[in-house]
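Just so you know, these numbers use all the heavy atoms, side chains as well, and skip hydrogens, waters and symmetry mates. Chain letters run A, B, ... following the sequence lines, proteins first, then strands; residues in each count from 1.
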Amino acid sequence: MFSHRWRFGWDRVSEVDLFADRHETSAETLSQAIRAAMSEEPDSDGSVLFGQLQGTVVGLRYYTGVVNQGEMVGLVRQPQNPYDRNAVMVANIYGNQVGHIKRELAAAMAYVMDNNLAKVDGVVHWGTKNKFTMPVMLSFWGREENKNAVIECMARRGYKLNTAGSLNQHKDGEKEAAESVGTPLLLHQKQALSWMCARENQSALPPFWEKRGELYYNTLTCFSTKDIPERVRGGILADDMGLVSDIHTCTYFTHICLHTLSSNCMLLPGFKSVKEKFDYAVMLEIFVYLFVCADVESSIPDTVDDPSARTTLIICPLSVLSNWLDQFEQHVCANVKLNVYLYYGSERNRSKKFLSSQDVVITTYNVLSADFGNKSPLHGINWLRVVLDEGHIIRNPNAQMSKAVLGLKAQRRWILSGTPIQNSVKDLWMLLAFLRLKPFDVREWWYRVIQRPVIQGDRAGLQNLQTLVKCITLRRTKSSEVNGRPLVSLPEKTVCVEQVELSQAEREEYELARNEGRNTIRRYVLVCLYMLRQHCCHPDLLAKISSDLGATATPAELRERLIEKLRLVLASGSDEECSVCLDSVRLPVITHCAHVYCRPCIAQVISTEQNVARCPLCRSEIKTSELVEFPQEEMEEENGTSSEKWRTSSKVQALMGNLLRLRCEDSSIKFLVVSQFTRFLTILEAPLREHGFSFVRLDGTMSQKRRTQDSPAIMLLSLKAGGVGLNLTAASHVFLMDPAWNPATEEQCIDRCHRLGQTRKVVVTKFIVKNSVEENMVKIQRQKQDLVEKAFGSTNTDRKTSRIDDIKSLMEL
DNA sequence: ACCGCCGGGTGCC
DNA sequence: ACCGCCGGGTGCC
C-alpha cells in the first residue's frame with residue numbers, strides 16, 4: 001500500500017508533468033461512437049488488490065468475440081440472463097461477447113459484484129485458441145475494509161483467492177510517443193493549425209494502437225480488431241490563456257483556424273491570402289471556410305461521415321456567450337454569408353431542419369442539458385463539429401451537463417480549456433469520453449488501464465497517461481519555445497514593487513494583532529502536541545476537558561479557553577520552559593496573553609518597568625493582578641480526581657513486559673524508569689506493586705524516609721526532577737518512557753547511571769509509540785543532533801525559532 | 001438387470 | 001471436450 005501522501009503526490013505530479021513539453025505535434029486517428037454499456041462509476045482511489053483467482057470462460061463456441069494472449073477482458077453481470085440470474089458475461093474491449101464465466105464461479109462472483117464488495121478484472125494469459133473454454137486470471141479489487149469479506153465469500157464457495165502473488169499484472173509500456181507530425185520550421189500558430197488540421201483529417205492510429213499484419217492491436221489492453229480503430233477527429237486545445245490574446249479562447253480558436261487554412265492553402269477562390277497580413281476579419285473568413293464549409297478535406301474515405309452534416313455546434317458557459325457573438329459580429333465580412341444562430345432563450349427555434357441548415361449554432365451547457373432527454377433537437381442532429389468551450393466544465397461525468405454533451409452526434413470534436421485537469425487525473429476521463437478515444441471512452445477501461453495505475457503510483461501508468469494526453473492535446477505557454485526561439489513575442493513586461501510604510505499607529509495595531517494571533521496559535525499547537533504525547537503514555541494523563549477551542553470563538557473566548565488548557569497542562573506536570581530564565585518553569589503563572597513564566601521571573605520583569613509592563617514574548621500589556629497561577633493544592637487535587645479507576649496502557653504493558661523478563665534473567669539488576677510526566681510515574685506504581693517490585697520515586701513526591709529504605713529494584717525518575725549530580729550508578733538499565741524535545745536532556749538522564757562507579761553494562765530502552773508524535777519527535781531529535789555535530793553553539797534565539805520549526809515539522813506543515 | 005459396464009451423443013449462461 | 005454427463009444398449013467367461 002502507498003501512503004495517502006504518496007498517492008496524492010503522484011496525482012499532483014501527473015498534473016504537472018502531463019503538460020510539460022507539449023508543443024510537439026502528433027498524428028493519431030480519431031474515433032467515432034463506442035457506446036458500451038459498462039460505465040458504472042469505479043469506486044476508485046482507495047482500491048487495493050485483494051487477490052487473484054484462475055477462472056474459466058465457457059461457451060466460447062457461441063460467440064464471435066476473440067481475445068489475444070494477455071488481453072484484458074471485461075466482466076459484466078447479466079442479472080436478466082434467463083438461464084442463470086448470476087450470469088457473468090465476458091467481453092473484449094469492443095464489447096464483443098467472448099463467453100460466460102462458468103456457473104459456479106459466476107454465482108460466487110455475482111454476490112461480490114452485486115454488493116459492490118469488489119471490482120473484478122480479467123486477463124487471458126493463455127488458452128486463447130481454445131474452442132470451448134479458456135482460462136482467465138481474475139483480479140479482485142476494492143476497499144481495504146471489504147477485503148476479508150470478499151476472500152471469505154469466495155472461499156465459502158470453494159474459490160481461494162491467491163493473495164500472496166505479485167501484483168504486477170501491468171506489463172510496462174513499450175509504447176513510444178506517437179511520431180511527431182509537426183513541421184519544425186512553422187510558426188507556432190501554423191504549427192498549432194497544422195496540428196488541428198491533422199487532427200481533423202489524418203488517418204494515423206490513435207495512441208497505443210499498432211498494425212500487426214492484418215489486425216490492429218492495442219498494446220495496453222492487448223485487444224486486436226480487424227477494423228481500423230475509429231479516429232478521433234479533434235482534440236484538446238489547452239494553450240495557456242495568456243499565449244495569444246486576452247480576449248477569449250474563442251478568439252484564439254478562430255485564430256488557430258485561420259492559420260490552419262493559410263498553412264494548408266485551402267482558401268476558397270476569391271479569398272485573399274492571409275499569410276502575411278492577418279486580422280480578425282480575415283481570420284473569421286477563414287473560420288467560415290474551415291468550420292462552415294464542411295468538407296475540409298475528403299482525401300480520407302470515411303464511411304461514418306454523414307456528407308450532409310454542415311453545422312458546427314459551439315457550447316460555452318453563459319458568461320462567454322457574448323464573446324463568441326462579438327467575435328462573429330465584428331469579424332465576419334459582409335460578403336460572407338454566414339448563418340450563426342444563437343440557440344438560447346425561451347423563444348429559441350427548436351426545428352432540427354432549421355438548426356442543421358445553419359453554419360454555426362451557439363448554445364450554453366445549461367440549455368443543452370435542459371433540452372437533453374426532452375426531445376432535444378440538438379441531440380437529433382448530425383453535427384459536423386462540436387466545440388466545447390471551457391471544456392473542463394464537464395469534468396464530472398455524473399453531471400447532467402456531461403451526459404448531455406456525451407449524447408451529441410458529431411464527426412469532429414474539440415475541447416477548449418486552459419485547465420483540462422483541474423484537480424486530478426480523474427478529470428480527464430470525461431474529455432476522453434467526449435472525444436471517443438478508444439478504448440478509454442468506456443470508463444472501466446480508462447480506470448483499469450490508466451487511472452488506477454497512476455493513482456497507485458505506477459510509473460508505467462503515468463507514462464501511458466502522458467503519452468495519451470500528449471497525443472490529443474496542444475498546450476503551449478507564453479514561455480514555450482520552438483527551436484530555441486520563444487513561441488510568441490510579447491511586449492516587455494516590467495513589474496515594480498513600491499514599498500509602503502505603515503504609520504506608527506497602524507504598525508502598533510498591526511503588531512498587536514499579529515502577535516495575538518500568532519501566539520495564540522503557537523500555544524494552542526503546543527498544547528495539542530502535549531496532549532498527544534500524554535496519550536502515547538497513558539490515556540488517564542489527560543485532564544478531562546472539552547478538547548476543542550471552537551472555530552467560532554471570539555478572540556477573548558479563545559484566550560480564556562487557551563489559558564484554561566495551559567492550566568491543565570501545567571497542572572499535569574509540564575516541561576514548559578520559561579522564556580525569561582530559559583529553564584523549566586517553577587511556580588508557573590500564565591499571563592493574560594497566554595504565556596507561561598516562572599512567577600519570580602515575571603515578577604521581576606514587571607517590577608523593572610516604570611510604567612506599563614509588557615509580556616517578554618508578545619509585548620502585550622501585563623499586570624500582576626491578571627496573572628493566573630497554580631496553587632500546589634490544585635495540582636494535587638488534579639492528581640486525585642483523574643485516577644478514579646486504574647487502567648493499563650500499551651506503554652505500561654511494554655514496560656512491565658520488559659521488567660518481568662529481565663527480572664527472570666537476572667534478579668539483581670536495578671532499573672531506572674524515567675518519564676517527564678510525574679503523574680505517569682504515579683500510574684506506574686500500581687503494576688509495580690502488583691508484581692512485587694520494590695521502588696522509590698526520585699521526584700520529591702516521595703518522602704525522604706522511604707527513599708532511604710533498603711535498596712529498591714526500581715527508581716522512578718521525573719525527567720527534570722532530582723537536580724544535577726544525582727548519582728544513580730546502582731541502576732544499569734534505563735527505561736525512557738517518553739521522548740524529550742531535547743536529546744541532551746535524555747543524555748543527562750542516562751549519564752546519571754552511565755558514569756564512574758558503574759560496574760555493569762548499561763542498557764537504555766526508549767519507548768516510542770509507532771505512528772505518533774513521538775516518532776516525529778525522534779526524527780527531530782536526530783536532526784538536532786546532526787546540527788549540533790555540524791555546527792557548535794546555537795544561540796538562544798536559535799533555540800526559540802527552532803522550536804517553532806519543530807512544531808511545524810511535527811504537524812507536517 | 002429394480003443392477004454395472006460400454007460407447008456414442010453431446011456440451012454456456 | 002484428449003473431459004464429464006446423460007441415457008440407450010446390453011448382459012458369463
>> Walk me through whether Ile472(A) and Leu431(A) qualify under side-chain contact (heavy atoms from CB on, under 4.5 Å).
In response: CA-CA 10 Å; Ile472(A) 55 165; Leu431(A) 306 186; over 6 Å; no

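For CG of Asn374(A), the number of neighbouring non-hydrogen atoms (other residues, nucleotides, ligands) closer than 6.0 Å is greater than 12.
When the C1' atom is used for both dC13(C) and dC2(B), the distance is 25 Å, rounded to whole Å. If you take atom C1' in dA1(B) and the same atom in dC6(B), they sit 15 Å apart, rounded to whole Å.
Residue Arg103(A) contributes atom CZ, which lies 15 Å from atom P of dG11(B) at whole-angstrom precision. Distance CG (Asn130(A)) to P (dC2(C)): 12 Å, rounded to an integer number of Å. What separates CZ of Phe132(A) from P of dC5(C) is a distance of 17 Å, to the nearest Å. Distance Lys102(A) NZ to dG11(B) C1': 14 Å, rounded to the nearest Å.
Between the OH atom in Tyr217(A) and the CG atom in Asn68(A) there is a gap of 6.0 Å [rounded to 0.5 Å].
Between Arg448(A) and Val73(A), the closest heavy-atom pair is NH1-O, 2.8 Å.
Of the residues in residues 55-64 of chain A, those lying under 4.0 Å from DNA chain B by heavy-atom distance are Val58(A), Gly59(A), Tyr62(A), Tyr63(A).
In this structure, Asn92(A) contributes its side chain and Val66(A) its backbone to a donor-acceptor pair below 3.5 Å.
Within 4.0 Å (heavy atoms only), Lys131(A) reaches no atom of the nucleic acid at all.
Residue-to-nucleotide contacts include a donor-acceptor pair under 3.5 Å from the side chain of Asn81(A) to the base of dC13(B).
dC13(B): no Watson-Crick or G-U partner with both key distances under 3.5 Å is found in any strand.
A 4.5 Å side-chain heavy-atom check between Leu428(A) and Leu465(A) finds at least one atom pair inside the cut-off.
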